[in-house]
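The first residue of the sequence shown is numbered 1, and numbering continues consecutively from there. This one's a predicted model, so the numbers in the text were calculated from it and none came from an experiment.
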Amino acid sequence: MKRRRIDPRVRIIFPDQTQNTETPPSTTVAPTSSVPIQENPSSIHEAGGSSAGLRSSPPRPYHDAVSERLVIHLAQQSSPTHSSRGKGISFEEGISGDDDDSVLELRKEIGVLNQKNIELDIKVADLQTENVKLNIQVADLLEAKALKTKQITDLHTHFVFYFVFSFRFDQISWYIMSNSSVIDGDLYSFMSESEEEDVENSFFEGGESSSSVHDAQYCDDIIGEHVYKPDVPVQLIPFKGLIFKSLKLAIKMYSEYAEIGGFDVRLSTQSRFDNKIIKKKHVICNRGGKQKKKSCDTLGTSGVRRKRNSNSRAIGCQAKIIFEFVYGTPDYKVFQFDELHNHPLEKRSDLKKARQMSYSEKEFIVRASTSKIVPTMAHKLRASLRGGYEFVKPKVVDYKNLRRDINRVIGYKHAQMIVNTMNDRRAHYPNYSFEFNCQDDVLDCMFWADEMEKTYYAEFGDVISFDATFRTNKYQMVFVPFTAIDHHKKSVTIGSGLLSNESIESYSWLLKAFLKTHWKEPTLVLTDQDAAIKQAVENVFRNSKHRLCMWHIMKKLKKKISDDLFTNTDFRKRFSKLVWDINMKPDVFEVKWGLLMKEFNLEDTRWFKDMFTIRDSWIPGYFSDIPMCGLMKTTSRSESMNSFFNTYSESGNLLLNFMMNYDTAIQKQRNTQRELDKTSKKASYKMQTPREIELQASKVYTSTLVFEVQKEIYKACFFCTYSYVGIEDGWEVYIVQHNNSKSDFKNEFKVEIKAEEKEINCSCDHFKRMGVLCRHAFTIMMRCGVKEIPERYILKRWRKDVISRNYRFSSVQSDSGDCENVKLVNDSYYSFESCLDIVRDDKKRLALFAEKQQMLLKEFESDYISPGLKIKTDGEVVCKLLGVTIPIPEENNIHVPEVQSNKGSRIKKRIPTAGEVAYKNSKKEHRMCSGCGKRVPHNLRTCPERVGAAKSAKDS
């Protein structure tokens with residue numbers, strides 16, 4: 001019988017290998033599966049690109065299963081008569097007997113599998129051919145690169161030898177000895193700076209690898225176990241002997257190489273010559289070095305300051321580069337370069353360098369702080385504006401560290417810097433005033449006022465108020481703003497000061513500086529009951545009337561009387577009416593005060609005696625003869641102004657930061673006044689009466705005053721009646737009654753008028769107190785046919801154009817150069833946002849706009865010199881951020897004051913006074929007395945009704 005070739009993928013089972021034991025078919029043959037092993041492509045290249053070096057693929061698992069089925073079938077069909085020990089049974093012989101249907105089916109399957117195997121072999125051969133072609137292309141590229149490198153080396157060699165021979169003959173031997181640094185040199189050593197930047201830009205534009213452009217596809221080359229090589233284009237990889245024109249350019253090159261490669265770097269050790277020139281400079285991977293060893297003693301931890309938990313990134317990475325000074329030139333060359341790392345490399349977007357803040361981000365943080373937005377909130381705001389946290393590379397801690405960096409740069413010189421800054425403003429600003437006082441080289445007092453504040457005082461300085469506020473700066477210096485009321489009846493600042501303490505001497509110096517700046521004393525000064533302020537006002541403002549704040553005095557009433565008397569509504573109502581009545585004459589007040597004290601047995605109370613002694617300092621009736629005395633009766637204006645400034649400043653501010661916050665608050669205040677001026681000029685008012693006098697008032701007064709005058713004219717028309725008395729000394733005398741709709745009581749006022757001279761007087765003195773005519777005067781003027789308010793009764797301080805006709809509103813800037821720069825920056829932002837709004841909804845135009853922006857960015861980047869590896873907030877940047885035009889001084893002649901406790905320090909552990917305890921207890925809800933069934937401050941045992949009933953029963 002003719003024998004056929006046996007398929008090598010089918011197993012052969014010999015009967016003599018069964019160890020004379022019959023094994024069940026299910027266990028005699030175990031199919032073995034194997035995974036295809038990929039051959040190293042480099043072995044193909046070494047073998048000349050042929051496929052002989054490839055191993056044949058092992059049988060696939062499916063083929064093993066078929067073979068197993070065939071062998072099991074043969075084992076079941078075999079018998080002792082058909083086989084003998086020691087003689088193997090071949091596959092062909094096993095199936096050449098009685099064929100059945102199952103064997104035919106298996107044979108067909110084998111044929112199909114053979115055909116598939118042939119097709120797979122053909123595909124493998126095609127892949128091997130493609131691999132050979134790729135290897136040939138790689139070899140050609142390497143050969144071309146070697147040829148180009150040789151050409152560059154030859155060019156450098158000829159040029160270097162010509163340069164050395166023509167420049168300095170005595171260095172020829174040194175250059176020949178260091179031939180490696182010359183022959184292996186690069187274009188950096190012999191190009192101009194502009195040409196050098198062009199080469200660098202061409203490298204980064206055209207030679208950047210895919211990993212630097214698409215971070216999602218980034219992967220580093222793994223050389224061995226725990227060894228990683230950066231995936232960087234060949235032309236950007238430094239090598240030994242590479243020469244640079246300066247150390248800064250060398251460090252910049254390695255920093256850019258590290259950024260593309262996926263690791264951070266830091267400056268390390270260096271050595272210097274005797275002339276302080278750097279001899280060698282080490283720049284290492286940021287994960288280089290070793291962790292510091294820590295000691296721990298559980299027995300000695302008491303009293304030791306707990307250290308914060310921190311992670312160390314140092315794992316001993318050896319990747320580094322060493323630059324060496326080239327003797328006789330300003331150049332540096334690469335002395336040593338180690339490119340392998342012992343840690344996985346990162347994406348470019350995850351590097352620490354990506355977290356470095358640009359100037360615009362630093363400016364955003366500083367500008368946000370002027371509105372009391374802390375770094376954490378500034379980071380949230382930045383993320384919201386950018387569209388998500390993934391678009392804000394710096395972290396919250398980087399935002400917080402900016403203040404630390406600014407404080408580090410300024411150091412202990414910010415007292416000198418704030419004085420220099422204010423002196424610079426005095427030199428450059430028109431009509432700017434600044435005064436300061438130092439005690440033993442320590443800043444003690446400051447006062448400043450600009451041109452607008454001086455103008456405000458000249459127009460509205462008849463009545464002023466000032467009060468101290470705290471927690472505005474790091475050194476607890478007391479901030480004292482001076483406040484007046486403008487033509488819109490809004491509070492405006494007319495000068496400000498900083499004091500290191502609240503002594504009489506400090507306040508006296510401040511008021512003297514105020515008087516030197518404004519040249520005249522105010523008519524009325526309103527303050528609280530601070531003893532130092534009171535004494536200073538009496539010493540400096542000798543011709544001014546000093547008035548105490550009524551609100552502060554009335555606030556103390558609860559602490560000076562018993563709870564029962566304070567809860568007596570009749571007493572409180574009568575006392576408040578007595579002290580707040582602006583029309584009550586002083587003699588009438590004294591009589592009613594004595595009656596009230598006698599009625600409630602307060603004649604011997606010390607506080608009431610003291611308040612009556614100084615009644616001419618706080619009772620309104622004693623100020624009725626002072627013009628504009630009704631504008632302010634309390635320091636609420638100053639309290640409101642202090643609260644306004646506190647919304648912009650915080651207790652941790654340096655003096656420069658405080659001044660920035662002050663400027664921002666002043667800008668806000670003046671912007672509000674500018675908006676009110678615009679509203680007053682454009683406003684069209686609805687007339688309440690058909691009187692021409694009302695129409696005239698709407699044309700000359702501001703909006704606030706128009707509404708008040710309209711109210712007085714309306715009341716004069718519909719709520720006032722008059723009766724003619726006669727003529728006294730050329731004056732027509734009338735009695736005007738004002739009908740009160742809430743009661744039957746009618747007030748009577750005497751009005752005198754000279755119609756021809758357009759003069760009028762009223763006994764209510766409303767014009768003297770408030771600066772506008774009252775309803776009683778308007779009643780008689782309309783009776784006499786006066787159609788316009790006389791000019792003498794339209795005060796300049798209430799006119800629309802009192803300020804804007806001579807002065808413009810300007811923001812606080814350092815000098816004209818900075819103003820110009822700020823204007824250009826704002827115009828650029830506005831132009832960009834306007835263009836973006838136009839193309840936002842058009843996808844094609846938006847893509848074109850983005851493309852042009854990228855082109856413009858590349859154009860400016862080509863001329864931009866990067867600050868290098870150490871991007872820190874230096875002195876120049878700090879001064880620019882803080883709006884300071886003068887540099888940080890080298891000498892410090894003025895020091896900051898020590899932090900002192902002042903009257904506003906609010907010590908939490910202070911023992912409360914009896915009055916404070918009583919006031920606190922009065923806020924508590926009383927328990928219900930079971931005797932009288934009321935919520936009163938007594939119980940059943942002390943209940944007056946129960947005690948009285950018990951006493952009556954006992955007497956009876």
Side-chain angles (χ1 to χ4, degrees), residues 460-470 478-485 489-497 499 502 504 506-508 510-511 514 521-541 544-561 566 572 575-582 584 586 589 593 607-646 769-770 902-904 906 913 915-916 919:
F460 315 123
D462 37 18
V463 180
I464 68 170
S465 171
F466 70 92
D467 188 23
T469 184
F470 313 93
V478 182
F479 176 54
V480 185
F482 291 83
T483 306
I485 299 177
K489 287 200 171 182
K490 298 291 183 182
S491 299
V492 291
T493 303
I494 55 176
S496 302
L499 306 177
E502 294 184 275
I504 298 176
S506 296
Y507 279 114
S508 298
L510 182 65
L511 296 181
F514 179 91
E521 297 181 10
T523 306
L524 183 64
V525 181
L526 192 67
T527 67
D528 59 12
Q529 286 184 274
D530 187 275
I533 295 178
K534 181 180 179 181
Q535 187 64 40
V537 171
E538 293 176 356
N539 294 339
V540 180
F541 293 158
S544 301
K545 184 69 174 179
H546 184 205
R547 182 174 182 177
L548 300 179
C549 173
M550 293 188 63
W551 181 81
H552 283 88
I553 294 175
M554 295 298 292
K555 183 180 178 181
K556 298 177 182 179
L557 178 63
K558 185 177 182 63
K559 303 176 184 178
K560 305 301 180 179
I561 59 178
F566 186 78
R572 284 195 301 168
F575 185 79
S576 297
K577 186 176 180 180
L578 176 65
V579 299
W580 286 101
D581 192 350
I582 59 177
M584 186 177 296
F589 168 78
W593 176 279
W607 183 78
F608 286 99
K609 287 183 178 180
D610 295 339
M611 290 298 100
F612 184 75
T613 303
I614 60 172
R615 60 189 179 279
D616 58 339
S617 299
W618 64 287
I619 297 300
Y622 290 87
F623 299 93
S624 59
D625 58 334
I626 299 177
M628 309 306 295
C629 63
L631 289 180
M632 283 193 286
K633 291 176 287 186
T634 68
T635 58
S636 58
R637 293 276 183 175
S638 292
E639 299 287 349
S640 176
M641 188 60 66
N642 293 346
S643 177
F644 170 72
F645 281 112
N646 283 330
R769 292 195 311 269
M770 305 301 297
N902 47 48
K903 299 174 185 177
R906 294 186 179 181
T913 62
E916 291 173 341
Y919 178 76

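Using a 4.5 Å heavy-atom cutoff, the side chains of R637 and C549 are not in contact. The shortest side-chain heavy-atom distance between R615 and V579 does not fall under the 4.5 Å cut-off. Side-chain contact between I561 and W607 is absent, with no heavy-atom pair separated by less than 4.5 Å. Side-chain contact between F466 and V537 is present, with at least one heavy-atom pair separated by less than 4.5 Å. Taking the side chain as every heavy atom from C-beta outward, V540 and F514 never approach each other to under 4.5 Å. Within the 4.5 Å cutoff, side-chain heavy atoms of F589 are placed close to those of I619. In this structure the side chain of E639 reaches within 4.5 angstrom of the side chain of H552, judged on heavy atoms. Taking the side chain as every heavy atom from C-beta outward, M770 and L631 approach each other to under 4.5 Å.
Scanning for side-chain hydrogen bond (donor to acceptor under 3.5 Å, both in side chains) contacts around K560 gives an empty result, with sequence neighbours left out. Annotation: ring pair (Phe, Tyr, Trp, His ring centres under 6.0 Å) contacts of F460 (sequence neighbours excluded): H487. The salt bridge (charged side-chain N to carboxylate O under 4.0 Å, His left out) search around R572 returns none, not counting sequence neighbours. With sequence neighbours left out, the side-chain contact (heavy atoms from CB on, under 4.5 Å) criterion links S640 to no other residue. Scored by the side-chain contact (heavy atoms from CB on, under 4.5 Å) test, E521 finds L515, F541, N543, S544 as partners (sequence neighbours excluded). Legend: residues meeting side-chain hydrogen bond (donor to acceptor under 3.5 Å, both in side chains) with T483, ordered by chain and number and at least two apart, are absent. Annotation: salt bridge (charged side-chain N to carboxylate O under 4.0 Å, His left out) contacts of D528 (sequence neighbours excluded): none. Listed by chain and residue number, L524, M628, M632 satisfy the side-chain contact (heavy atoms from CB on, under 4.5 Å) test with V463 (two or more places apart in sequence, or in another chain). With sequence neighbours excluded, the residues satisfying side-chain hydrogen bond (donor to acceptor under 3.5 Å, both in side chains) with K556 are Q529. Residues meeting the side-chain hydrogen bond (donor to acceptor under 3.5 Å, both in side chains) test with S508, sequence neighbours left out: none. K609 pairs by the side-chain contact (heavy atoms from CB on, under 4.5 Å) definition with D604, not counting sequence neighbours.
The minimum heavy-atom distance linking M584 with L578 is given by the pair SD-CD1, 3.8 Å. Taking both residues in full, the closest heavy atoms of N642 and A468 are given as ND2-O, 3.7 Å, listed atom of the first, atom of the second, then distance. Between G497 and L510, the shortest heavy-atom contact is CA-CD1, 3.8 Å. Closest heavy-atom contact between E502 and A532: O-CB, 3.6 Å. The nearest pair of heavy atoms linking P586 to G621 is CG-O, 3.8 Å.
For residues 609-628, the set of pairs meeting the ring pair (Phe, Tyr, Trp, His ring centres under 6.0 Å) definition, not counting sequence neighbours, comprises W593-F612.
With 3.5 Å as the limit, one finds no donor-acceptor pair spanning the side chains of H546 and S617.
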